[in-house]
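Below is one structure; the comments refer to it alone.
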Amino acid sequence: MTPAELLAAARDLITRSDAATAGVWPRTSALLARQALEDVLDAHWLMRPQTAGMAAATTRAQLICLPRYLDETLARQVAFTYAALSNACHYHPYELAPTAAELSGWIEDVAALVARITVG
């Protein structure tokens, strides 16, 4: 699946009211959005021969290097969004799952990166 398709699936889980996905849709949506973010980061590194090796690096290492290759504000937002989505993907017994509004915001942040990578 492409990053855009992953984000569409994540949005669909948020808006669909289905008893079969009750209780699991927040983490599933977060996981899909995080996968889209990881895929678009890999695409970003593979666009240039001099940075192609970064696609094999850990996501943490990629995020550390990202401000050098993108607008610093966007790179920081991407790092924050990745951390938030990673936290939302895991079950924490004394924390609530992310809300639909939180997930929608994070999905929009990933969509902004997808648009930025696709355009430039």
Side-chain angles (χ1 to χ4, degrees):
M1 293 179 82
T2 67
E5 291 170 337
L6 289 167
L7 291 176
R11 284 185 188 104
D12 184 51
L13 281 172
I14 292 172
T15 59
R16 184 181 346 145
S17 177
D18 187 359
T21 60
V24 297
W25 66 264
R27 287 184 178 81
T28 306
S29 181
L31 185 64
L32 290 168
R34 189 180 77 173
Q35 183 62 51
L37 179 57
E38 291 171 350
D39 290 352
V40 78
L41 279 175
D42 287 345
H44 171 72
W45 300 120
L46 292 171
M47 284 175 26
R48 297 180 195 91
Q50 65 269 28
T51 61
M54 283 298 297
T58 64
T59 305
R60 180 169 166 78
Q62 291 178 21
L63 292 172
I64 290 170
C65 296
L66 198 58
R68 177 92 164 104
Y69 298 94
L70 279 184
D71 173 49
E72 189 171 336
T73 304
L74 179 60
R76 286 182 185 186
Q77 186 62 39
V78 169
F80 171 80
T81 302
Y82 183 80
L85 287 170
S86 292
N87 190 46
C89 287
H90 300 284
Y91 176 76
H92 304 281
Y94 297 106
E95 292 181 16
L96 295 173
T99 65
E102 289 173 320
L103 286 166
S104 294
W106 297 331
I107 289 170
E108 291 312 310
D109 290 342
V110 176
L113 180 63
V114 169
R116 176 72 187 259
I117 298 298
T118 303
V119 171

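No experiment lies behind these values; they were computed from the predicted model shown.
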Check against side chain to side chain contact (heavy atoms under 4.5 Å, CB included), N87 and E95: CA-CA 11 Å; N87 190 46; E95 292 181 16; 4.1 Å; yes
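- Note on I14: it clusters hydrophobically with W106, by side-chain heavy-atom contacts below 4.5 Å among ILVMFWY residues.
- Looking at every heavy atom in both residues, P98 comes nearest to P26 through O-CB, 3.7 Å.
- L37 and I64 are members of different hydrophobic clusters when ILVMFWY side chains are connected at heavy-atom separations under 4.5 Å.
- Counting all heavy atoms, side chain and backbone alike, M1 lies closest to D39 at O-OD2, 4.1 Å.
- When the options Q62, R60, Q77, E38 are evaluated for a side-chain hydrogen bond (donor to acceptor under 3.5 Å, both in side chains) with Y82, the one that passes is E38.
- T51 places no side-chain N or O within 3.5 Å of a backbone atom of M47 that could act as its donor or acceptor partner.
- Side-chain contact between P67 and R76 is absent, with no heavy-atom pair separated by less than 4.5 Å.
- Proximity of L85 to V110: side-chain heavy atoms (C-beta onward) are separated by under 4.5 Å at one or more points.
- Between H90 and R27, the closest heavy-atom pair is O-NE, 3.3 Å.
- Residues L41 and L66 meet the side-chain proximity criterion, which asks for heavy atoms closer than 4.5 Å.
- The heavy-atom pair separating M54 from C65 by the smallest distance is CE-SG, 3.7 Å.
- Using a 4.5 Å cut-off between side-chain heavy atoms of Ile, Leu, Val, Met, Phe, Trp and Tyr, with links allowed through other members, L74 and L7 fall into the same hydrophobic cluster.
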Stepwise side chain to side chain contact (heavy atoms under 4.5 Å, CB included) test for L113 and H44: CA-CA 10 Å; L113 180 63; H44 171 72; over 6 Å; no
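- Taking every heavy atom of both residues into account, V40 and P3 meet most closely at N-CG, 4.2 Å.
- Residues D42 and A55 approach most closely at OD1-O, 3.5 Å, considering heavy atoms.
- To the nearest 0.5 Å, atoms CH2 (W25) and CG (L103) are separated by 6.0 Å.
- One hydrophobic cluster, built from ILVMFWY side chains closer than 4.5 Å, cannot hold both L63 and L46; they sit in different ones.
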